[in-house]
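In each ligand, atom 1 is the first atom listed, and ligand 1 is the first ligand listed.
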Amino acid sequence: MLYSEKVMDHFKNPRNVGEMQDADGIGEVGNAKCGDIMRMYIKVDKDTQIITDVKFMTFGCGSAIATSSIATEMIKGQPISKALELSNKAVVEALGGLPTHKIHCSVLAEEAVKAAVKDYYDKNGIKYDEKCYAKGSCPCAHEFDHKGE
Ligand code: FES
């Protein structure tokens, strides 16, 4: 089968979908080639620096929805510093794999989480390592043709 059961499950029953009015951090990223857009909202407990709630809105392909859904589960309840370490590889593994030409969709999920964390850090004057936001961490971005399917 092209997609794992887990991918199909998260695509059909995405977790933590929606908007968050009182978010502490919002990250919005897009892929210019396919036009998919992902928005990630996080709520952070200021004392513990734990992510207490996550929501997402994704306008995009099934893999983009599945990867953002599982990403919300992976960072919810975690320290915000852990969310910054979330890699697209870990997202793909958690989903039981993705077809090669869909790996880039998981990159969007990683970027959306990082953008939300960055927004939180910026709003609260917290310093962070710029290297965490280095571009080009995704080998597939250059290797695969993005057909938006
Ligand atoms: Fe655009 Fe998956 S993120 S096709």
Side-chain angles (χ1 to χ4, degrees), residues 1-44 50-123 128-149:
M1 194 166 70
L2 190 59
Y3 293 104
S4 71
E5 266 177 40
K6 203 131 189 210
V7 172
M8 291 310 290
D9 179 32
H10 277 270
F11 168 52
K12 288 182 182 161
N13 312 293
R15 326 296 199 264
N16 305 308
V17 177
E19 287 180 285
M20 196 189 285
Q21 298 301 339
D22 56 348
D24 294 315
I26 303 174
E28 185 171 302
V29 294
N31 185 308
K33 284 186 186 163
C34 66
D36 288 1
I37 297 170
M38 219 178 255
R39 195 178 302 149
M40 194 70 67
Y41 303 86
I42 55 171
K43 187 97 196 116
V44 182
I50 299 262
I51 297 175
T52 54
D53 201 11
V54 190
K55 289 260 183 292
F56 83 92
M57 296 282 279
T58 290
F59 307 93
C61 73
S63 300
I65 290 166
T67 53
S68 32
S69 169
I70 203 154
T72 63
E73 285 195 328
M74 292 170 82
I75 65 168
K76 197 169 174 176
Q78 296 291 326
I80 195 157
S81 55
K82 272 267 168 238
L84 204 49
E85 290 170 13
L86 183 81
S87 69
N88 80 295
K89 208 167 156 244
V91 168
V92 172
E93 275 168 19
L95 282 173
L98 273 178
T100 313
H101 69 289
K102 284 287 168 187
I103 297 291
H104 65 264
C105 312
S106 67
V107 175
L108 215 52
E110 177 191 325
E111 286 180 353
V113 167
K114 286 186 172 179
V117 172
K118 187 176 191 296
D119 185 45
Y120 170 76
Y121 281 160
D122 285 344
K123 280 179 177 152
Y128 50 84
D129 189 350
E130 289 286 345
K131 284 205 286 287
C132 297
Y133 296 97
K135 281 275 168 207
S137 59
C138 163
C140 72
H142 312 289
E143 286 173 19
F144 300 108
D145 190 20
H146 200 119
K147 297 205 169 68
E149 53 196 21

Using a 4.0 Å cutoff against the non-hydrogen atoms of Leu108, which atoms of ligand 1 qualify?
3 (S)

Output yes when a side-chain donor or acceptor of [X] lies under 3.5 Å from a complementary backbone atom of [Y], and no otherwise.
X: Asp36; Y: Ala64; result: no
X: Asp119; Y: Ile26; result: yes
X: Ser4; Y: Leu95; result: yes

Atom 2 (Fe) of ligand 1 to nearest N/O/S of His104 less than 2.8 Å:
no

Counting backbone and side chain alike, does Cys105 bring an N/O/S atom below 2.8 Å of atom 2 (Fe) of ligand 1?
yes

Could you see which bit of Cys61 sits under 4.0 Å from ligand 1, with heavy atoms only: side chain, backbone, both or neither?
side chain

So does Lys89 have more than 12 non-hydrogen atoms from other groups sitting under 6.0 Å from NZ?
no

Can you tell which of Thr67, Ile103, Val29, Asp36 gets a heavy atom nearest to atom 3 (S) of ligand 1?
Asp36

For Asp53, which of Lys43, Arg15, Lys76 qualifies under salt bridge (charged side-chain N to carboxylate O under 4.0 Å, His left out)?
Lys76

